[in-house]
Colleague: 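Following this message is one structure expressed as C-alpha cells.
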Amino acid sequence: MEIWDSLESAYVDRTPRSKECYEEIRNHVPAGVASTYRAWDPHPFIVDRAEGVHLHDVDGNSYLDFDMNNGAGMVGHTHPDVNAAVAEQLDEGTLFTHPHDLLAEAAKELKKRWDPVDLVRFTNSGTESTMHAIRIARAYTGKDKLLKIEGSYHGAHDAVLISKSTPEGKLGHPERPPKLIESEGIPEAVAETVEVAPWNDLDAVEGIMREHMNEIGALIVEPIVMNVGVTQPYGEFLQGLRELCDEYGITYIFDEVKTGVKVAPGGAAEYYGIEPDLVTMAKSIGGNFPVGAFGGREEVMRTIEDGAAHYGTYNGNPLVLRAVTTVLRDVLTDDAYDHVDGLGERLVAGYEDVMADAGIAGHVEHVNSQGIVHFTDEHIENYRDFVEHIDVEFHENYWFAMLEQGVLPHPHDASQQWTISVQHEEEHIEQHLEAFKTVAPQLAEKQ
Ligand SMILES: Cc1ncc(COP(=O)(O)O)c(C=O)c1O
C-alpha cells in the first residue's frame, strides 16, 4: 500500500514517540497489537487516553474520533453515566460465577429492542456470540453445515474465517463463491462444514440451499454487510432469506454485532422489519466494555438446556452488565437516536457537497449513525463490487489526509465505516466536514 510521500512524512514527523513505543511493544507482543487487524504501516499511533469524542496519542496529537473503537462506542468515550454505573459495581463485586439479578435485568433490556428475542445468553465478545449461536443453530436443526456470505466477517473462530477477504484473482464463479480459509492453522476440514453464498443474489442462495438441504442447518448474515462498507440488502433479499430458511429448515442468524443498537434501537431486524431466529450482539451494547450476547426464539434457545453447550467463566459478569443496562436504558434513548441520526444526515449531505464542489467521483453509503464514503460512482452491492470498484490505496490516502487534519474518519481499513456517537455535536460534524474540504483538492488531483 503506497502512502503519498507528503502524507507519510507528515505522519511520521508528528508521531516519533508512537514509533518508539510501537517498537517496544513489538518486542513483547506479536505485530505490536492486541488484534492483528490493528497493525498498519508505517506504524499505528499509540493511544494515551480517550475522552468524549477525542482520542489522544502519546505524541500529544488529538483526533476527533469517528472510529469509536470499531463501532463499539456509540455512547462515546468515558460516558459519565456508564462510568458511574460501573464504578459503583466495582465495590459490590466484579465477577460472580453464581446467578445474579442483573442477568434478567440486562436480558429484558435487549428483549425490549428485538421482537424475535425471547431468551438471551451473555458472552464476552462478538466472536463468542456468533460461535455459540452457530452451535445452537446446528443443534436445533440437527444439520452440521453453516452457510455464510462472501466478504462477511463474524469474528475469529474457525468456522467463520472463510472467504472473508478473497483476493481478486481467486474470486471464481459469482454464484458459487469459492471457500477460502483465511488463516494458517485452520484445518482444511473446517471448509467442508461451510458453504459460501453471494450477498444480494437470492437465486444463487437458493441454489446452494437446495443442493445442500440435508446438510445446511444455519445461515449467518450481517444484515447490512458492515465489513464491506455499509452494504445494504436490496429489494426483498432479507425477507427472501427468511422464507428460504423456513422452506429448507435452516436457522436464520442475524449477526448484529455491528448493526445492533446503532442503525436502529433494535438493530437491522427493526430497521428492515425482519424476524430472524437468532441474533448475535456485542460492541455498542456495552458502551466500550467487553460484552456480547446472543438471543432468539425460545424453542431454539432452549437447546442450551438440552445438550447444546454454552459456557464461560466471565459470561454475564456484573461489571459489564451494569454497563449494558445503563447504555440501553439511560443513554441510547429515543432522543439520543434523533440526535445521532440527524448528525448522520448532515455528515452525508456535507460529504456529497464537498465531493461535488471539488470534482471528486464518489458517494456515501449510510444508515443513520453508520456511514462510509466510496470514491467511485459505482454502486457497491456485494463483496465483488467492492473488490472491483474500490481503490483501497486511494482510500487509505484519504484516511491519512484526514488524520493530518485531526479527524479520525473511521477505523484504518477502507472497508470500515464511521460511527456517530451520542457525544458528537453539530460542531464536530462541521469540523469533520471542514477537514474533508481541506483535503478534497489534493484528493481530486490524485483521482
Ligand atoms: C459483524 C461482526 N461480527 C462479529 C465480530 C466479532 O466481534 P469481536 O471482535 O467482539 O469478537 C465483528 C467484529 O468486528 C463483526 O464486525
Side-chain angles (χ1 to χ4, degrees), residues 107-108 110-123 126-149 152 154-155 157 159-160 193-197 199 202 205-206 208-210 212-226 233 236-261 263-282 285 292-310:
K108 278 192 255 178
L110 288 172
K111 286 170 60 176
K112 273 188 216 161
R113 289 173 178 246
W114 271 274
D115 281 347
V117 171
D118 301 320
L119 295 168
V120 177
R121 272 284 177 100
F122 290 97
T123 69
T127 292
E128 289 181 34
S129 300
T130 62
M131 185 176 79
H132 286 100
I134 290 166
R135 177 182 297 153
I136 279 151
R138 286 171 166 149
Y140 177 70
T141 56
K143 296 189 282 182
D144 285 348
K145 264 195 176 174
L146 170 71
L147 181 58
K148 82 170 284 280
I149 302 293
S152 277
H154 302 288
H157 57 100
V160 290
T193 66
V194 179
E195 294 296 327
V196 178
W199 186 240
L202 209 52
V205 176
E206 175 159 26
I208 295 166
M209 285 182 175
R210 200 181 314 116
H212 299 278
M213 67 179 164
N214 296 324
E215 302 162 294
I216 296 175
L219 166 66
I220 189 163
V221 300
E222 291 182 74
I224 301 171
V225 190
M226 304 285 278
E236 295 299 304
F237 185 64
L238 286 180
Q239 180 56 27
L241 293 180
R242 171 71 279 172
E243 286 158 21
L244 287 176
C245 283
D246 290 341
E247 188 178 340
Y248 290 98
I250 294 168
T251 300
Y252 191 16
I253 307 170
F254 265 22
D255 179 357
E256 298 238 40
V257 165
K258 272 193 158 180
T259 48
V261 307
V263 298
E270 175 186 332
Y271 188 76
Y272 297 110
I274 308 291
E275 296 224 341
D277 299 307
L278 290 173
V279 178
T280 61
M281 310 152 203
I285 66 166
F294 61 97
R297 286 204 293 119
E298 171 152 14
E299 209 186 335
V300 184
M301 288 296 286
R302 292 276 180 215
T303 57
I304 293 174
E305 295 171 352
D306 205 18
H310 173 239

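What you see is a predicted model, and the numbers here were worked out from it, not measured in a lab. Positions are given from 1 along the sequence.
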Colleague: Distance from Leu110 atom CG to Phe122 atom CZ, nearest 0.5 Å?
Modeller: 5.0 Å
Colleague: First locate atom OG1 of Thr280, then atom NE2 of His154, and finally report the distance between them rounded to the nearest 0.5 Å.
Modeller: 8.0 Å
Colleague: Test: salt bridge (Lys or Arg N to Asp or Glu O under 4.0 Å). Region: residues 245-261. Which pairs qualify, not counting sequence neighbours?
Modeller: Arg242-Asp246
Colleague: Hey, could you give me the CD1/CG distance between Ile134 and Leu147, rounded to the nearest 0.5 Å?
Modeller: 11.0 Å
Colleague: Working to the nearest 0.5 Å, report the span between OG1 of Thr259 and CE of Met281.
Modeller: 9.5 Å
Colleague: If you look at every heavy atom in Lys148 and Val160, which pair is closest and at what distance?
Modeller: CE-O, 3.6 Å
Colleague: For Met131, enumerate each residue passing the side chain to side chain contact (heavy atoms under 4.5 Å, CB included) test, keeping only those at least two apart in sequence or located in another chain.
Modeller: His157
Colleague: Do you see a donor-acceptor pair shorter than 3.5 Å between the side chains of Tyr252 and Glu275?
Modeller: no
Colleague: When rounded to the nearest 0.5 angstrom, what distance separates CD1 in Ile274 from CD in Glu236?
Modeller: 7.5 Å
Colleague: Applying salt bridge (Lys or Arg N to Asp or Glu O under 4.0 Å) as the test, list every pair that has at least one member in residues 213-224; sequence neighbours left out.
Modeller: Lys145-Glu215
Colleague: Considering only residues two or more places apart or on different chains, which pairs with a residue in residues 133-142 satisfy side-chain hydrogen bond (donor to acceptor under 3.5 Å, both in side chains)?
Modeller: Tyr140-Glu299
Colleague: How close do Ser152 and Val225 get, counting heavy atoms only, and between which atoms?
Modeller: OG-CG1, 3.7 Å
Colleague: Is any side-chain heavy atom of Leu278 closer than 4.5 Å to one of Phe254?
Modeller: no
Colleague: Which heavy atom of Ile250 sits nearest to which heavy atom of Ile216, and what is that distance?
Modeller: CG1-O, 3.3 Å
Colleague: Can you name the ring-ring contact (aromatic ring centres under 6.0 Å, His included) partners of Trp199, sequence neighbours left out?
Modeller: Phe237
Colleague: Can you say whether the rings of His310 and His132 are parallel (under 30°), tilted (30 to 60°) or perpendicular (over 60°)?
Modeller: perpendicular
Colleague: Determine the minimum heavy-atom distance between Thr123 and Ser129, stating which atoms define it.
Modeller: OG1-OG, 2.8 Å
Colleague: Looking at Pro116 and Pro276, what are the two nearest heavy atoms and their distance?
Modeller: CB-O, 3.4 Å
Colleague: Side chains of Glu206 and Tyr248: closer than 4.5 Å at any heavy-atom pair?
Modeller: yes
Colleague: Tell me every residue that passes side chain to side chain contact (heavy atoms under 4.5 Å, CB included) with Ala218, counting only those two or more places apart in sequence or in another chain.
Modeller: Ala137, Leu146, Ile253
Colleague: Without swapping roles, check the side chain of Lys111 against the backbone of Val117 for a donor-acceptor pair under 3.5 Å.
Modeller: no
Colleague: Any idea which heavy atoms bring Ala293 and Val120 closest together, and the distance?
Modeller: CB-CG1, 4.2 Å
Colleague: Carefully, step by step, assess Phe294 and Glu128 under the rule side-chain contact (heavy atoms from CB on, under 4.5 Å).
Modeller: CA-CA 9 Å; Phe294 61 97; Glu128 289 181 34; over 6 Å; no
